[in-house]
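Any value given below was found using the heavy atoms of this structure, including those in side chains, with hydrogens, waters and symmetry copies removed.
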Amino acid sequence: METLVLNRAYQPVARIPWQRAITLVFLGKVELVESYEDQTIRSVSFEVKVPAVVRFLRLLVRRQPVVRFSRENVFARDRGRCQYCQRPVTRAEATYDHVLPRKLGGLTTWENIVIACVPCNQAKGGAPRCRPACR
């Protein structure tokens with residue numbers, strides 16, 4: 001048996017198991033809108049009808065999905081091109097370069113990692129550079 005969950009504006013959000021719905025009711029996060037008349041849950045000290053529809057009391061804020069930092073995502077961001085000479089590189093020959101080298105305090109972040117071809121990455125050799133090496 002499932003329970004329909006509504007947002008504050010009575011728009012459907014999800015369907016959840018009735019056990020989770022009862023938990024949300026007891027936590028005070030939702031209000032009971034409708035219940036199954038023929039289904040009852042009994043405990044030693046009380047009895048409650050199984051919720052059919054519940055509504056959130058607070059506004060739901062949906063989080064934006066976060067793009068994870070990975071080699072594949074850096075390659076996609078840079079569109080498969082060396083960021084120093086703009087030459088297309090295949091996924092197999094692409095190297096990942098710290099613009100500010102790690103030995104100089106550069107971090108592995110979106111802003112500091114770029115795709116580089118092997119000649120550009122070797123020409124850089126651990127020092128920050130501004131101009132392409134392999135044109």
Side-chain angles (χ1 to χ4, degrees):
M1 218 177 325
E2 289 189 328
T3 302
L4 176 66
V5 180
L6 306 175
N7 66 9
R8 219 171 129 187
Y10 289 91
Q11 296 170 333
V13 175
R15 292 184 338 207
I16 59 174
W18 62 267
Q19 296 94 331
R20 177 75 177 135
I22 288 177
T23 303
L24 291 172
V25 170
F26 280 114
L27 291 174
K29 296 185 178 193
V30 296
E31 70 174 345
L32 185 62
V33 176
E34 195 70 34
S35 61
Y36 293 106
E37 294 300 323
D38 57 340
Q39 300 291 327
T40 305
I41 304 300
R42 291 183 182 88
S43 131
V44 175
S45 58
F46 64 91
E47 172 178 311
V48 74
K49 293 192 183 291
V50 175
V53 181
V54 294
R55 180 180 77 106
F56 273 106
L57 297 173
R58 291 187 163 188
L59 183 63
L60 288 178
V61 179
R62 295 207 182 243
R63 295 184 180 143
Q64 293 291 339
V66 176
V67 178
R68 305 256 182 226
F69 181 82
S70 69
R71 291 177 169 263
E72 291 79 19
N73 288 339
V74 172
F75 188 81
R77 178 198 67 188
D78 293 345
R79 294 187 173 98
R81 294 190 167 274
C82 171
Q83 294 302 296
Y84 298 117
C85 67
Q86 298 303 313
R87 185 175 64 105
V89 292
T90 65
R91 177 75 178 84
E93 67 182 8
T95 61
Y96 299 90
D97 182 46
H98 288 79
V99 177
L100 180 64
R102 289 177 19 190
K103 71 179 182 181
L104 298 178
L107 301 174
T108 304
T109 62
W110 281 103
E111 295 80 19
N112 197 40
I113 299 287
V114 294
I115 294 290
C117 61
V118 174
C120 284
N121 201 356
Q122 288 176 345
K124 183 179 169 213
R129 45 179 238 130
C130 302
R131 297 180 16 192
C134 62
R135 284 205 177 195

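- Between Thr109 and Asn112, the side chains place no donor N or O within less than 3.5 Å of an acceptor N or O (distance only, hydrogens not considered).
- The heavy-atom pair separating Glu93 from Pro88 by the smallest distance is OE2-O, 4.1 Å.
- Closest of all the heavy-atom pairs between Tyr36 and Glu2 is OH-O, 2.9 Å.
- What you find for Val99 and Pro101 is that their closest heavy atoms are O-CD, 3.5 Å.
- A donor-acceptor contact shorter than 3.5 Å links the side chain of Gln83 to the backbone of Arg81.
- For the atom pair CD1 of Ile113 and CG of Leu100, the computed distance is 10.5 Å after rounding to the nearest 0.5 Å.
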Q | side-chain contact (heavy atoms from CB on, under 4.5 Å) between Thr108 and Arg102, worked out | A | CA-CA 8 Å; Thr108 304; Arg102 289 177 19 190; 4.3 Å; yes

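- Minimum heavy-atom separation, Pro51 to Ile22: CD-CG1, 3.7 Å.
- Met1 and Phe26 fall within the same hydrophobic cluster, where Ile, Leu, Val, Met, Phe, Trp and Tyr residues are linked whenever their side-chain heavy atoms come under 4.5 Å apart, directly or through other members.
- Both Tyr10 and Val53 are members of a single hydrophobic cluster when ILVMFWY side chains are connected at heavy-atom separations under 4.5 Å.
- Atom CD of residue Gln19 and atom OG1 of residue Thr23 lie 8.0 Å apart, to the nearest 0.5 angstrom.
- Annotation for Cys117 and Cys82: closest pair N-SG, 3.4 Å, computed over non-hydrogen atoms.
- Around atom CZ of Arg91, more than 12 heavy atoms belonging to other residues, nucleotides or ligands sit under 6.0 Å away.
- A distance of 6.5 Å separates OG1 in Thr90 from CZ in Phe75, rounded to the nearest 0.5 Å.
- In terms of heavy atoms, Val30 sits closest to Phe56 at CG1-CD2, 3.7 Å.
- Placement of Val54 and Leu57 in two distinct hydrophobic clusters is found when ILVMFWY residues are connected by side-chain heavy-atom separations under 4.5 Å, directly or transitively.
- Between Asp78 atom CG and Gln86 atom CD the span is 9.0 Å, to the nearest 0.5 Å.
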Q: Could you give me the CA-CA distance, side-chain angles and deciding distance for Ile115 and Val89, then say whether side-chain contact (heavy atoms from CB on, under 4.5 Å) is met?
A: CA-CA 9 Å; Ile115 294 290; Val89 292; 3.7 Å; yes

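- Leu27 and Ile41 are not part of a single hydrophobic cluster, where members link through side-chain heavy atoms under 4.5 Å apart.
- From Leu4, atom CG reaches atom CZ of Arg15 across 8.5 Å, with rounding to the nearest 0.5 Å.
- Around CZ of Arg77, the count of heavy atoms belonging to other residues, nucleotides or ligands within 6.0 Å exceeds 12.
- Using a 4.5 Å heavy-atom cutoff, the side chains of Pro119 and Arg87 are in contact.
- Under the 3.5 Å distance criterion, the side-chain polar atoms of Arg55 are matched with a main-chain donor or acceptor of Arg8.
- In the hydrophobic clustering of ILVMFWY residues, with side-chain heavy atoms under 4.5 Å counting as a link, Leu32 and Phe46 come out apart.
- A donor-acceptor pair is defined here as one N or O able to donate and one able to accept, closer than 3.5 Å; no such pair exists between the side chain of Asn121 and the backbone of Thr95.
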(Q) With side-chain contact (heavy atoms from CB on, under 4.5 Å) as the criterion, how do Trp18 and Gln39 come out once you've worked through the C-alpha distance, each side chain's angles and the decisive distance to 0.1 Å? (A) CA-CA 11 Å; Trp18 62 267; Gln39 300 291 327; over 6 Å; no

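- Taken to the nearest 0.5 Å, the CG atom of Leu24 stands 5.0 Å off from the CD1 atom of Ile16.
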